[in-house]
Protein chains: 2
Amino acid sequence: MNKKRQLLIDTALALFYKNGINCIGINEILKVSGVAKKTLYSHFESKEALILAALAQRHSIFIAWLNKALRGSDSDKEVITALFSALERWFTNSEPLLGNFRGCFFINSSAEFSDKSSDIARCCKNHKQEVRKMIAHYLTKENTPLLDVICIMMEGAITTAHITGEHQVTTKCIDALNNFDC
Amino acid sequence: MNKKRQLLIDTALALFYKNGINCIGINEILKVSGVAKKTLYSHFESKEALILAALAQRHSIFIAWLNKALRGSDSDKEVITALFSALERWFTNSEPLLGNFRGCFFINSSAEFSDKSSDIARCCKNHKQEVRKMIAHYLTKENTPLLDVICIMMEGAITTAHITGEHQVTTKCIDALNNFDC
DNA sequence: ACAAAAGGAGACAGATTTGTCTACAATTGC
DNA sequence: GCAATTGTAGACAAATCTGTCTCCTTTTGT
């Protein structure tokens, strides 16, 4: 049944994001989800397949969340404010869809899997490209330098918030980007 | 003897940085370094102690490298150029001291160890604070907003270069920061 | 030169990992 | 209702992990 499959993906995503992929074993996912091992391996060929499914799940959740956050912004300034306000809500655990903040799941996963030619690394790279496309879609003008800076500052804000724990990094980004002419 | 201890730290750092800490076992470090297991455990209480030593080693290498890169810059503009040029050399593997680029060792390690109260997480946070201090030291004026933006963009540049592999992110940072008034 | 310290090689214990397989129960389609 | 599918529970294999310990060799200080 597909319900078990989805339950496995949801459980895996939650545990992977919270603890790191390498720190969570299959058995832990089975215990928490209450699913049997045989069922897992009937749905997924290996742990890596489950990881990829969890990454895909996180990707679609994040993209949908981002799209909703940016919807309605019809000036570059509004896009910037909407984006970084949404990030701040994420950082302060006010976005239930994204779970308790522990950095970007894709940055974290990239850190755990060094092989750049692996499916996992490819998946993380792809996620960042899609995020960039989504932001570009909402910017009014074809303004590549601004898009570049927004994306770089977004990565910086996520990383800074994760490591140092200072959430007010987002207001610094908004202030800086409003002073940015191009 | 202290030579063995240093050899262990150097080998561990190289392997941890290249492959991720959780992917490298003690035995691999012993095999590569040629040191015996008993010697390792006479110098370090546990694997975690070796990890912390590797982090400390990386920290001092990085801080020294950064200090050298920024030395002589006596305007904010020069600091910015020196910083991001140095980063670009790191990204393109032109800085032998830092090894083959695979993101920031501290960001990566933070991703692998979720417990924020662990020594490892504390060590990573501390590293970022020291880097910030070093940059602040070279900025001519007491200009906190500029310092903030530089640090955020630095994190963003490192992360972006690591995941997407685009090294020219640094020139985008330099251009953006030169357009930044405060 | 010689005793003491340090290191090498690796067996071993105990825990944990992924993945397979067996035996049985629940659910489902017809 | 009954066969077929799907799921559960968990033993098990094989590999790998950290950390301890033994036996032996090399290095070092005096």
Side-chain angles (χ1 to χ4, degrees), chain A residues 1-57 105 108-109 111-115 118-121 123, chain B residues 1-57 105 108-109 111-115 118-121 123:
Chain A
M1 196 197 271
N2 258 355
K3 288 234 164 162
K4 295 284 173 183
R5 187 188 153 88
Q6 194 55 49
L7 176 60
L8 282 168
I9 294 176
D10 292 342
T11 308
L13 174 54
L15 290 174
F16 285 157
Y17 180 53
K18 179 169 185 181
N19 301 95
I21 292 175
N22 281 324
C23 290
I24 291 296
I26 290 291
N27 293 317
E28 183 71 14
I29 297 169
L30 297 177
K31 208 175 78 186
V32 172
S33 66
V35 174
K37 196 175 273 194
K38 197 184 177 187
T39 310
L40 187 153
Y41 281 100
S42 77
H43 284 301
F44 301 98
E45 197 188 12
S46 62
K47 188 188 181 184
E48 193 185 339
L50 179 57
I51 295 169
L52 289 171
L55 285 165
Q57 169 83 349
F105 187 43
N108 294 351
S109 300
E112 291 199 70
F113 297 89
S114 61
D115 184 3
S118 72
D119 290 336
I120 292 172
C123 184
Chain B
M1 191 196 270
N2 259 354
K3 289 234 166 162
K4 295 285 173 182
R5 186 189 154 89
Q6 194 55 50
L7 176 59
L8 282 168
I9 294 175
D10 292 341
T11 308
L13 173 54
L15 290 175
F16 285 157
Y17 180 53
K18 180 169 183 181
N19 302 95
I21 293 174
N22 281 325
C23 290
I24 291 295
I26 291 291
N27 292 317
E28 182 72 13
I29 297 169
L30 298 176
K31 208 176 77 183
V32 172
S33 66
V35 174
K37 195 175 276 193
K38 196 185 178 186
T39 310
L40 187 152
Y41 281 100
S42 77
H43 285 299
F44 301 96
E45 196 188 14
S46 62
K47 187 188 180 184
E48 193 185 338
L50 179 58
I51 294 170
L52 289 170
L55 284 166
Q57 169 82 351
F105 187 43
N108 294 350
S109 299
E112 291 199 72
F113 297 89
S114 61
D115 184 4
S118 72
D119 290 336
I120 292 173
C123 184

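Computed from a predicted structure; not experimentally measured.
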(message) How long is the straight-line distance from CD of A:Glu48 back to CD1 of A:Ile120, given to the nearest 0.5 Å?
(response) 4.5 Å
(request) In sequence, state the C-alpha distance, the side-chain angles, and the governing distance for B:Ile21 and B:Phe105, and then conclude on side-chain contact (heavy atoms from CB on, under 4.5 Å). (result) CA-CA 10 Å; B:Ile21 293 174; B:Phe105 187 43; 4.2 Å; yes
(message) List the residues meeting salt bridge (Lys or Arg N to Asp or Glu O under 4.0 Å) with B:Asp10, not counting sequence neighbours, and say none if there are none.
(response) none
(request) Starting from C1' on D:dG10, measure out to CG on A:Leu40 and report it in whole angstrom. (result) 15 Å
(request) Could you walk me through whether B:Ile26 and B:Tyr41 pass the side-chain contact (heavy atoms from CB on, under 4.5 Å) test, one step at a time? (result) CA-CA 10 Å; B:Ile26 291 291; B:Tyr41 281 100; 3.9 Å; yes
(request) Would you mind telling me which of C:dG8, C:dG7, D:dT8 lies closest to the side-chain atoms of B:Ala36? (result) C:dG8
(request) Test side-chain contact (heavy atoms from CB on, under 4.5 Å) on A:Asn22 and A:Phe113 and set out the steps. (result) CA-CA 9 Å; A:Asn22 281 324; A:Phe113 297 89; 4.0 Å; yes
(request) Answer yes or no: does a side-chain N or O of B:Thr39 lie under 4.0 Å from OP1 or OP2 of C:dG8? (result) yes
(request) Could you pull out the closest heavy-atom pair between A:Ala36 and A:Leu30, with the gap in Å? (result) O-CD2, 3.8 Å
Every protein N/O lying under 3.5 Å from an N/O of nucleotides 3-5 of chain D:
none

(message) Between C1' on C:dG8 and CD1 on B:Ile29, what's the gap in Å once rounded to a whole number?
(response) 17 Å
(request) Test B:Lys37 against B:Asn27 for side-chain contact (heavy atoms from CB on, under 4.5 Å), laying out the working first. (result) CA-CA 8 Å; B:Lys37 195 175 276 193; B:Asn27 292 317; 3.0 Å; yes
(request) Could you check how far CG of B:Leu30 sits from P of C:dG8, rounded to whole Å? (result) 10 Å
(request) Starting from C1' on C:dG8, measure out to CZ on B:Arg5 and report it in whole angstrom. (result) 20 Å
(message) Could you tell me how far apart A:Lys31 (NZ) and D:dT8 (C1') are, to the nearest whole angstrom?
(response) 17 Å
(request) Compare all side-chain heavy atoms of A:Phe44 with those of A:Leu52 and state whether any distance is below 4.5 angstrom. (result) no
(message) Measure CG/A:Leu7 against P/D:dT8 and give the value in whole Å, please.
(response) 9 Å
(request) At under 4.0 Å between heavy atoms, which parts of nucleotides 11-24 of chain D does protein reach? Answer with one letter per nucleotide, 5' to 3': B base, S sugar-phosphate only, - none. (result) -------BBBBBB-
(request) Determine the sole option in A:Ile29, A:Thr11, A:Leu7 for which the side chain to side chain contact (heavy atoms under 4.5 Å, CB included) test with A:Val35 is passed. (result) A:Leu7
